[in-house]
Amino acid sequence: MRILVVGSGAREHALCWSLAASPLVKEVLCAPGNAGIARDARLVPIPADAIEELVRFAVAERIDLVVVGPEKPLVLGLVDRLKEAGVRALGPSARAARLEGSKAFAKDFCRRYGIPTAPYRVFARHQRDAARAWIEAHGAPIVVKADGLAAGKGVTVASSLEEALSALDAAFAGAFGEAGATVVLEDKLEGEEASLFALCDGHTALLLGTAQDHKRAFDGDQGPNTGGMGAYSPAPVLDPAMVERVMAEIVRPTLAGMAREGTPFCGILYAGLMIGPEGPKLLEFNVRMGDPECQVVLPRLMTDFGQLAFGAVDGVLASMSVRWFPTHALGVVYATRGYPGPTERGSEIRGLETLEGLKDTLVFHAATRRENGRWLADGGRVLTVVGTGATLQEAHDRAYAGIARIDWPQGFFRRDIGWRALARPASA
Ligand code: AMP
Ligand code: GLY
């Protein structure tokens, strides 16, 4: 089988690495990928959102399966177009991708099917006065969310009325383009955040893994929000009983509801959760793997991911199961200084070769290029270094030992990835 992975981040590197190890897979291709991914896949110079070009390529190359990493091509309908052209693809249709592409759609969907989530109201731009009045009546804290895709920047957890009103005004004034033309206002939930990933074939969902991300740029959860600065898997707060509750109260009702509405969900469903005193509540759905969560979820899989991916697109997950290594994985993101703001490209990263073949240590590239035998940084998030081990502490120590071998003065990373889980009494 020949598989095309779409995307170019460390998430896609982990997908390529995992698929390249599958006995079912003869060749992995990645569009557009990056220089680090080129070690595990053949690069195809097509951008991830060039839908028609990707479809033409997949047909011409007789690709057996397309695995889509990021949300944008999913929302743009890449999977629909591939299916029309007779190419199998792991990922939801554009209509099913609305679970991520429209927070108002997701919230209304949760209401229709009794899926636990924060109480909310939806307002469109022409209802600005009503939205302001609702915020004033509700009071702070309150959460203001742009409806559409806003690259992780569309959510404000406001602790004062002023903050909430200015977030509302910014969204309606176009700070997130059309993504902010509609907003969701909702109650702030208390608890511990965690994510659960389920592989879905339209009717059956199998747990792929759980993780916790670190969204802020700096140690101690300080600084601006980012795409994610590190993660570990499994998430201790999602113990087996809590996982079963999330599957029963959130994931399976979602699959059943989507099928009932004629938009069955095939692909990876990412449930962003708040685990509070009443149990799990949904913060948001994403319709893809997380980044950096993917880099710590896939290394724990014992079951062949290639087989699972084909099982999902062929609709046979009911006859399959997932097994894991009894390990923990922890990943640290190494980013160019200045991220998540604008960053300089082209600084040299030394020492990467000293990590090759290192036991229980993996390096996934998010944005690198190769020039005259040197590795150069080529974006904001540049690498994820992952350690695995029998305990989270061991995984942590291996990841940071890996990081220590890298000589890159223009880069930075958080030194406290895993702090919450490591501080738990029984985190091993
Ligand atoms: P989302 O994109 O909806 O996951 O929101 C981004 C982040 O905002 C989440 O990871 C949470 O940290 C926070 N957040 C979103 N909704 C809520 C909520 N209702 N209560 C508390 N925090 C929230
Ligand atoms: N790490 C968060 C995300 O992928 O959405």
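In listed order, ligands and their atoms are each counted from 1.
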Got a salt bridge between [X] and [Y], using NZ or NE/NH1/NH2 to carboxylate O under 4.0 Å?
X: R414; Y: D221; answer: yes
X: R252; Y: E244; answer: yes
X: R288; Y: E12; answer: no
X: D219; Y: R415; answer: no
X: R424; Y: E192; answer: yes

TODO: Could you point out which residue of V332, L362, L330 forms a side chain to side chain contact (heavy atoms under 4.5 Å, CB included) with V386?
DONE: L362
Residues 15-22 side chain polar contacts: donor-acceptor under 3.5 Å, at least two apart:
unit_1 : atom_1 : unit_2 : atom_2 : d
S22    : OG     : L24    : N      : 3.1
S22    : OG     : D304   : OD1    : 3.2
S22    : OG     : D304   : OD2    : 2.8

Atoms of ligand 1, numbered as shown, that sit under 4.0 Å from any heavy atom of [X]:
X: K215; result: 10 (O)
X: K145; result: 3 (O), 15 (C), 16 (N)
X: K103; result: 1 (P), 2 (O), 3 (O)

Open item on the list: Does any part of the side chain of V75, heavy atoms only, come nearer than 4.5 Å to the side chain of E100, both counted from C-beta?
Closed with: no
List the closest protein heavy-atom neighbour of [atom]: residue, atom name, distance to the nearest 0.1 Å.
atom: atom 2 (O) of ligand 1; value: E284 OE1, 2.9 Å
atom: atom 12 (O) of ligand 1; value: E193 OE1, 2.5 Å
atom: atom 17 (C) of ligand 1; value: L283 CD2, 3.4 Å
atom: atom 22 (N) of ligand 1; value: V157 CG2, 3.9 Å

- [ ] Please work out whether any backbone atom (N, CA, C, O) or any side-chain heavy atom from C-beta onward of E186 is under 4.0 Å from ligand 1, and answer side chain, backbone, both or neither.
- [x] side chain
Open item on the list: Does only the side chain of L189 get under 4.0 Å from ligand 1, or the backbone, or both, or neither? Count heavy atoms.
Closed with: both
Open item on the list: Looking at ligand 1, is there an atom of it that comes within less than 4.0 Å of some heavy atom belonging to D187?
Closed with: yes
Open item on the list: For ligand 1, which is the ligand I care about here, please tell me if V155 has any N or O atom under 3.5 Å from one of the ligand's N or O atoms.
Closed with: no
Open item on the list: Taking distance alone, with N or O pairs closer than 3.5 Å, would you say K188 contacts ligand 1?
Closed with: no
Task: Cation-aromatic face contact R98/F105, 6.0 Å, 45 degrees - done: yes
Open item on the list: Could you check whether R370 makes a cation-pi contact with W375, meaning its NZ or CZ is under 6.0 Å from the centre of the six-membered ring and within 45° of the ring axis?
Closed with: yes
Task: Mutual orientation of the aromatic rings belonging to F413 and Y334 [parallel < 30°, tilted 30-60°, perpendicular > 60°] - done: perpendicular
Open item on the list: What does the 4.0 Å heavy-atom contact list look like for ligand 2?
Closed with: D213, G227, Y270, N286, R288, G290, D291, P292, E293
Task: Residues Y113 and E261: side-chain donor-acceptor under 3.5 angstrom - done: yes
